[in-house]
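As the structure lists them, so they are numbered: ligands from 1, and atoms in each ligand from 1.
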Amino acid sequence: MHMTQPALDLVIAALERIREKSDRAPCASRTALARLQAAPVAASRREACTSPTERRLQTRNKADLLAAVRERVRTCTKCAHLACSRTQTVFGVGNPDADLMFIGEAPGADEDQQGEPFVGRAGQLLTRILKAMNFAREDVYIANILKCRPDMPAGSFGNRPPTPTEMQTCRPYLVEQINIIQPNVLVALGAVAVEGLLGTRATMRELRGRWHTYNSIPLMITYHPAYLLRNQAPSEKRKVWEDMLQVLERLERPISDRQRNYFL
Ligand code: SF4
């Protein structure tokens, strides 16, 4: 039995409500869990959608499903300390029916203020990378593992990485986003995003530049744009661009000679 995506979303939403309103966590048999785990795999295969009308309906349906998750995130207080310190939650932005989805770690100060992921200096670099790939920000979907800015001690500046517990607590929202959007390719930006998504701790040297999978979706791992801002070496920038060329190939996008020779 394969559950359809809307049905799976309803089940997850119902379990979330039970967990939030009851002292007892919902229980499920091993068989039920195995079936739930199998569902996103089935759902991640995009149905062939031939007409523009079908595609528009699919996009609207996904936008509605995402809006429902966004509303739950907006009022989420699962991490009480972050719910107190945030200006607002930062859900995600972009095309609900995107072929390509980027995953970062957590909102920084700029994102916390503006309510949109990747709007600071690192975000501007990501936008430039997308442009070089012939994408606009609106074409892809961008989200973080954590939807709230990790809190900082009073009077201190900068950002801290999210803790494993914070990532584990917030991860179900990202899983829902991925299950709704069903991108053809995922890109994880940095080792923290990889840890949040896959639970794998490894160095970027071990992780980047080759294909991984998340629930049968091809996953490319590359450096976070903030790393490129700290390390301006052309060799590091070229590595990221080569990862993006692999992404374009996987998406079967045309690649010009200019793009092949491009350096970020
Ligand atoms: S980080 Fe995620 S789980 Fe924690 S309060 Fe924010 S939205 Fe909720």
Side-chain angles (χ1 to χ4, degrees), residues 8-26 28 36-37 40 62-94 96 101-120 122-123 126 141-154 156-181 183 186 188-201 214-215 224 226:
L8 179 64
D9 290 325
L10 286 174
V11 171
I12 291 171
L15 289 172
E16 287 274 348
R17 279 197 298 276
I18 292 169
R19 189 167 63 186
E20 275 160 20
K21 287 187 182 155
S22 152
D23 292 339
R24 292 176 54 196
L36 275 175
Q37 275 161 355
K62 289 182 177 190
D64 289 347
L65 290 169
L66 284 173
V69 185
R70 179 192 288 267
E71 188 51 29
R72 274 190 283 127
V73 167
R74 193 180 66 78
T75 55
C76 178
T77 54
K78 285 189 214 168
C79 316
H81 59 300
L82 300 186
C84 287
S85 62
R86 73 188 177 210
T87 305
Q88 58 193 312
T89 53
V90 180
F91 182 67
V93 69
M101 179 169 175
F102 288 82
I103 299 168
E105 56 185 65
D110 294 318
E111 289 76 18
D112 175 67
Q113 286 298 319
Q114 297 184 40
E116 186 172 324
F118 284 91
V119 290
L126 178 63
Y141 198 89
I142 306 171
N144 284 312
I145 305 279
L146 218 66
K147 311 304 186 204
C148 297
R149 183 184 183 216
D151 55 344
M152 296 292 289
S156 61
F157 296 98
N159 300 311
R160 69 162 172 86
T163 66
T165 305
E166 289 167 345
M167 288 197 287
Q168 241 182 338
T169 309
C170 205
R171 184 178 181 275
Y173 294 131
L174 177 73
V175 170
E176 286 191 75
Q177 287 174 298
I178 297 171
N179 288 344
I180 292 168
I181 295 164
L186 285 165
L189 299 166
V192 176
V194 175
E195 187 186 339
L197 184 65
L198 303 181
T200 308
R201 250 190 221 191
Y214 166 79
N215 264 356
H224 193 286

Which atoms of ligand 1 have any heavy atom of Cys76 under 4.0 Å away? 3 (S), 5 (S), 7 (S), 8 (Fe)
Think Lys62 forms a cation-pi with Tyr141, using NZ or CZ under 6.0 Å from the six-ring centre and within 45 degrees of its axis? no
Hey, are the side chains of Pro107 and Arg86 touching, using non-hydrogen atoms and a 4.5 Å cut-off? no
Hey, which of Lys78, Arg171, Arg160 is the one that makes salt bridge (Lys or Arg N to Asp or Glu O under 4.0 Å) with Glu166? Arg160
Checking Glu105 against Leu146 for the side chain to side chain contact (heavy atoms under 4.5 Å, CB included) test, could you report, in this order, the C-alpha distance in whole Å, the side-chain angles of both residues, the deciding distance, and whether it holds? CA-CA 6 Å; Glu105 56 185 65; Leu146 218 66; over 6 Å; no
Could you identify the single nearest non-hydrogen protein atom to atom 2 (Fe) of ligand 1 and state the distance to 0.1 Å? Cys170 SG, 2.3 Å
How far apart are the closest heavy atoms of Ala193 and Ile145, and which atoms are they? O-CD1, 3.4 Å
Lys147 neighbourhood, listing ligand 1 atoms whose heavy-atom distance to it stays under 4.0 Å: 7 (S)
Restricting to N/O/S atoms, is Cys79 within less than 2.8 Å of atom 8 (Fe) of ligand 1 or not? no
Can you tell me if Cys148 has an N, O or S atom under 2.8 Å away from atom 2 (Fe) of ligand 1? no
